[in-house]
Amino acid sequence: MEYFDTVIVVLQSTVRLSVPLILTALAGLYAERSGVVDIGLEGKLLAAAFAGASAAAVLGNAWLGAAVAVMASMALAAVHGYASITQRGDQIVSGTALNFIAAGATVILGQAWFRQGGRTPALIGDARFGTWELPFADAVKDVPILGGIYSNLLSGHYLLTYIAFIMVPVSWWILFRTRFGLRLRAVGENPGAVDTAGISVVRLRYSAVLIGGILCGLAGAYLSIAMNAGFVKGMSAGKGFIALAALVFAKWKPRNILFACLLFGFLDALSIRMQGVALPLVGKVPVQVYQALPYVLTVILLAGFIGKAIPPKASGRPYVKER
Amino acid sequence: MSAPFAKLPAWAEYGLIPLINLIVAFLVAGLVVLFVGESPIQAAYLMVKGAFGSGEGVGFTLYYATYFIFTGLAVAVAFHAGLFNIGGEGQAYIAGVGVALVCLQYDTTLPWYLVFVLAVAASVAFGALWALIPAWLQAKRGSHIVITTIMFNYIASISMVYLLTRVLKPLGSMAPQTRTFEAGGQLPRLDWLLALFGLDVGYAPFNITFLLSLAVAFGIWLLLWRSKLGYEIRTLGHSPSAARYAGINQAKIIIVTMLISGGLAGLTALNPIMGDQYRLQLDFVNGAGFVGIAVALMGRSHPAGIIPAAILFGVLYQGGAEISFEMPNISRDMIVVIQGLVILFAGALEHMFRPTVIRLYQRMVAGSGKPATATGE
């Protein structure tokens, strides 16, 4: 039974840690499916986390915080859209720029506003999201196996956690079962054809990038208003890049994104859990091995050793009319 | 939409437009300063004073510039082949291991100039090696170099924590760093160079790596514009299909370019390790690899542009330290913001002001009665 509890604890933190990855990777999915490479996920995530925690701290309301987080992230997404769609600039350069601007500006503004060395004040009460207990979670807690799974693994998460998991099938439905999704995918594969059909490439790409902004904003809000009680300097800690890796790992497909993010979340949970624990045969594995695994796995996948990842055909290329 | 990218004369193309982009980046940075309640003019004054107000300031400015010349060249060489090496940070970091191993081995037995030669070789080798796998994957398996080099930055950073806390740390020490090098692992300062201009370098760790960086910049110019390899690199960057028709081995050029780029990033490690700290410690690269992106974009990937761009960022680093003394609201993270803005305006938005400049230029030419020969395409 103790073994079972350990598994549940690890899986529970897997769910907790994979939520920002899922939302961020889905954000990247919309942008990249429309042909706009989004390397600025990390910056948007960080900016949203900061803006959300700041607003929640000042206004004392987690929901308003999340709304501000989404707005901040969408503002950066709009800049990325302007640079890469309207100005036809290099999308990777633009994303890189946003990452730096977010990394620097969050610290400068945080210090100027709150004077706590780049932190925001700790969020208490209504300023932070509470967890949700599913119905009867308490009642069935003692049922063997199933009760543990229901009340400890499925219940007791933040609303944003459930939203993140629901967004996976919803995104699949939007991208693969609606007219908007069809057009969005077409614009990422062959923008010329979409243009010829009389549909605005620019408008489609902007909407994709802005949807990405919303999702990144929710991920940032989750980081600083739900999972943690406030913003800490550099708190996205490469999650945007891991999400990007998960997106590639998942070959730009929603269902695979869910599994890739859960896998990376699991590795993260494992690295926390396995600190100082000796494994059979190899003994104590340095914690750095677990930390490096998501990055190493991504490189191996990108190398095409676990099936080839083929990006949308027009991704990274600005669309020029009348050529 | 008739001719959005009409030709401009060289002074406008390489002087005016980059200058406008830069000025806009700094204006926006000034707005951020204003937003946190400080005076941008006062900040600019403090920055210039900190960077040039004393011999020591100049020494520090050029010390920082040395980092950015190397990392800027590293990014620029890759740019010429159409590759975005965002992994300079990790390559420089890993190169530090090479430098440290050479110094730890020979610092008591060999004079500094011999150790320096070995350390240069080691830094290039380690930096290039760290770029090799992403390069090979890009060339042979088509995996995106931007993502692989970012992954390698993280892997480098995690590996260095492991190496410094478990392997390279002397026994009985708590700090995650190697032992301090003896005389053989310490590079001479360039106090005489500044003394020529009547400046006292003070405690600034301005060292001979700076001269090496200038020589390397010249070497890279020779390589890119005066050698067959350089021609092939630029052809590949300009048009991969043209390179293929010309019989250029694409995979080979990609790998060779990335090895050069990684080696250049590796040289960065010499400056702090042998020139200032005399030991290998955590995070010694401190973002210099990323500054290289801004420097390369600002310097238009040409050594003659990269050196002044690197010095400008040296001014930002050194002057930024001065600002953070006087204005507690503006920490050195402001440099990261400026870096981002420079990348945005000089990189992603580089064409934003071009139509306006072209229109003004054409009006100017038409006004002076000369035929507008410069417009074309």
Side-chain angles (χ1 to χ4, degrees), chain A residues 37 39 42-43 79-80 82-84 86-109 111-113 115 117-118 233 238 241-242 244-245 248 286-289 291-292 294-296 298-299 301-305 308-311 316 320-322, chain B residues 1 4 28 32-33 35-38 84 86 133-134 136-138 140-144 146-148 150-155 157-163 165-166 287 290-291 293-294 297 328-352:
Chain A
V37 170
I39 207 169
E42 174 81 9
V79 173
H80 184 55
Y82 178 71
S84 50
T86 307
Q87 291 293 334
R88 300 187 209 110
D90 190 312
Q91 299 169 4
I92 288 172
V93 172
S94 163
T96 310
L98 292 183
N99 288 340
F100 286 123
I101 292 172
T106 49
V107 181
I108 296 277
L109 295 178
Q111 176 62 18
W113 290 342
R115 301 188 189 281
K233 176 179 173 177
F241 291 122
I242 298 251
L244 193 67
V248 181
V287 62
Q288 284 88 7
V289 171
Q291 290 172 346
Y295 308 109
V296 175
T298 306
V299 171
L301 172 100
L302 282 174
F305 295 125
K308 200 156 174 58
I310 301 163
V320 184
K321 245 181 156 150
E322 288 176 32
Chain B
M1 270 289 158
V28 177
V32 176
V33 174
F35 194 65
V36 298
E38 300 282 2
F84 192 175
I86 207 165
I133 299 173
W136 184 81
L137 291 176
Q138 164 88 38
K140 298 284 186 187
R141 322 266 327 177
S143 49
H144 205 302
V146 172
I147 300 178
T148 41
I150 290 175
M151 295 299 126
F152 267 69
N153 282 343
Y154 282 103
I155 298 173
S157 150
I158 293 166
S159 311
M160 286 296 274
V161 173
Y162 177 77
L163 282 177
T165 50
R166 307 225 181 183
F290 296 125
V291 178
I293 301 166
L297 285 169
N329 268 352
I330 303 182
S331 61
R332 296 187 79 178
D333 297 281
M334 190 66 210
I335 299 167
V336 181
V337 177
I338 295 177
Q339 192 181 320
L341 290 169
V342 167
I343 295 174
L344 185 66
F345 285 102
L349 291 174
E350 62 173 335
H351 301 307
M352 189 160 64

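So you know, we letter chains A, B, ... as the sequences are listed, proteins then strands, and number each from 1. Just the heavy atoms: all of them, side chains too, but no hydrogens, waters or symmetry mates, feed the values below.
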If we define contacts as heavy-atom pairs under 4.5 Å, which of [options] has the most with chain A?
{"options": "B/Phe345, B/Phe152, B/Phe290", "answer": "B/Phe290"}
{"options": "B/Ile343, B/Val161, B/Asn153", "answer": "B/Ile343"}
{"options": "B/His144, B/Arg166, B/Glu38", "answer": "B/Arg166"}

### Task
Tell me, for A/Val37 versus chain B, whether the close heavy atoms (under 4.5 Å) come from the side chain, the backbone, both or neither.
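Nothing of A/Val37, per the 4.5 Å heavy-atom cut-off to chain B.
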### Task
Give, as side chain, backbone, both or neither, the part of A/Val107 having an atom under 4.5 angstrom from any heavy atom of chain B.
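Side chain only.
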Side chain / backbone / both / neither for [X] at chain A, heavy atoms under 4.5 Å:
{"X": "B/Leu341", "value": "both"}
{"X": "B/Leu297", "value": "side chain"}
{"X": "B/Val146", "value": "side chain"}
{"X": "B/Arg332", "value": "neither"}

### Task
Give a yes or no answer on whether the side chain of A/Glu42 reaches the backbone of A/Gly238 with a donor-acceptor pair at less than 3.5 Å.
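Yes, the answer is positive, given that a donor and an acceptor are paired below the 3.5 Å cut-off.
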Is there side-chain contact between [X] and [Y], with at least one heavy-atom pair below 4.5 Å?
{"X": "B/Val33", "Y": "B/Met334", "value": "yes"}
{"X": "B/Leu344", "Y": "A/Phe100", "value": "no"}
{"X": "B/Phe35", "Y": "A/Leu109", "value": "yes"}
{"X": "A/Gln291", "Y": "B/Tyr162", "value": "no"}

#### Entry: Contacts of type side-chain hydrogen bond (donor to acceptor under 3.5 Å, both in side chains), residue A/Arg115, not counting sequence neighbours
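With neighbours one apart ignored, the set is B/Asn329.
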### Task
Working to the nearest 0.5 Å, report the span between CD of B/Gln339 and CD1 of B/Ile335.
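CD1 of B/Ile335 is found 8.5 Å from CD of B/Gln339.
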